[in-house]
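A quick write-up on the structure given underneath.
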Amino acid sequence: MYLTNMEEKMLAGEEGYAVQKNMQILTALGDIFGAEKMIPVSSVQVAGVSYYNLGDAGLEYLETLAAKAARTRVKTTLNPAGMDLENWRELGIEEEFARKQERVIQAFVKMGVIPSCTCTPYLVGNEPARGDHIAWSESSAVTYANSILGAMTNREGGPSALAAAITGRTPAYGMHVEENRKPKVRVKVDTKLRGVPDFGALGYAVGKKIGPKIPLFEGIEDSPLEQLKSLCASIATYGGTALFYISDGTRADAPTETITITRTDIEAALRALNDEAAEVDFVALGCPHCTLEEIKTIADLLEGRKVTREFWICTARQTMQEAEQTGDAQRIRKAGAKFACDTCMAVAPLKGRFNVLATDSAKACYYGRGTNNFKTRIGSVEECVNAAVTGNWS
Ligand code: F3S
């Protein structure tokens, strides 16, 4: 791989141990994937933040890097951690876990990483421009950045994203190469989609049918951000897709391979995501993290009611603070529901605490089942709020 003079010096250790080690990671990756050169990145988003997933080995890696003077060179934000960094006790997190999680965050902060702890960095100030090369690692955010924002990023692992932050570079392969970003399958959506669960079901259905091939959707133009972020999360989870396009049917380079998604496909996907369970004991919304608009909807639905089940609203701390300005956060708390800022139902240590998760997110179903052994019920936000109040799924 071609390296500039400056990159050669980084690799030779002239900018210190941390830069050298991270340049070694990136050049090894570039060699594996056949990159011809490095490219500068303007933004990084690092996953692998929860101590639940990192363990002591990950914590030690991060603390060593921080101690060896690793520092970020570009705007770098964090994916959700394993707990709400302020209200972890209220969410039932153990003291020992909390102390380790705090050390993880401290190591990142020492390196210059902004502890935003969200999978929707684009909602809280890390929003790249069209054509920007970036290195993000949360899969739903990667798909959102490539598909909706028009930025260019591979799905980085936690260490390779951090390496990009510390060197300001990433190897130019995959989604950074225009040639690899062409749509491969035309997906005609021949049914009216109703809200977030339907968009999650669309991602599930298409992901299962075409895997990581790049789809060109027709029939979902003008969809709101909330529905698109659900689609990004779902199609990345069930198909491994890092990029899709949305067209009104007039695109000249539409692929010839075509599939059609009908109401039958959406219903089948929703059935596949729903387990048999008449009662729920955990309700979680905000996968990906809730927008201010979603928080308002939840607050409206909870007005004058009390929840009887553990109910988490997962969101970025900044978004929750904005909801405090509007009064929606207070209305939610009054009903007994809890904000889970900085974290989510998938990366918090929840195994064994609950049996049945109700959610509006297809991705949350995947991790609820796979990571935590929950049964899952997927439905509209209204159905989820009703379940939190009554404990029943109807
Ligand atoms: Fe975000 Fe957690 Fe879902 S990181 S996309 S809320 S699984």
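We count ligands from 1, going down the list as the structure has it; atoms in each ligand are counted the same way. Quick note: numbers below take in every heavy atom, side chains included, and nothing from hydrogens, waters or symmetry partners. When a residue number appears, it is its place in the shown sequence, counting from 1.
Counting non-hydrogen atoms of neighbouring residues, nucleotides and ligands closer than 6.0 angstrom, the CD atom of Glu8 exceeds 12 such neighbours. Annotation: Glu36, atom CD; neighbour count of heavy atoms from other residues, nucleotides and ligands within 6.0 Å does not exceed 12. Glu94 CD: 12 or fewer foreign heavy atoms inside a 6.0 Å radius.
Each of the following atoms of ligand 1 lies closer than 4.0 Å to a heavy atom of Gly286: 6 (S). Of all atoms in ligand 1, numbered sequentially from 1 with element shown, those under 4.0 Å from a heavy atom of Ala346 are 7 (S). Residue-ligand proximity, Ser140 to ligand 1, at heavy-atom distances under 4.0 Å covers atoms 5 (S).
Between Phe97 and Tyr52, the angle of the ring planes goes over 60°, which puts this pair in the perpendicular group of the 30/60° scheme.
For the pair Ser137 (side chain) and Gln45 (backbone), a donor-acceptor distance under 3.5 Å is present.
Judged by the 6.0 Å and 45° rule, Lys68 forms a cation-pi pair with Tyr17.
With 2.8 Å as the limit, Cys344 counts as an N, O or S neighbour of atom 2 (Fe) of ligand 1. Backbone or side-chain N, O or S atoms of His289 do not reach atom 1 (Fe) of ligand 1 at under 2.8 Å.
The protein non-hydrogen atom at the shortest distance from atom 1 (Fe) of ligand 1 is Cys119 SG, 2.4 Å. The nearest heavy-atom contact from the protein to atom 5 (S) of ligand 1 is Lys363 NZ, 3.4 Å. The single protein non-hydrogen atom nearest to atom 3 (Fe) of ligand 1 is Cys287 SG, 2.3 Å, given as residue, atom name and distance.
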How far apart are the C-alpha atoms of Trp312 and Phe282, what are their side-chain angles, what is the distance that settles it, and do they pass the ring-ring contact (aromatic ring centres under 6.0 Å, His included) test? CA-CA 8 Å; Trp312 286 15; Phe282 181 41; 5.3 Å; yes

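Ligand 1 does not have Ala141 within reach: every non-hydrogen atom of the residue lies 4.0 Å or more from it. Residue Pro80 places a heavy atom under 4.0 Å from ligand 1.
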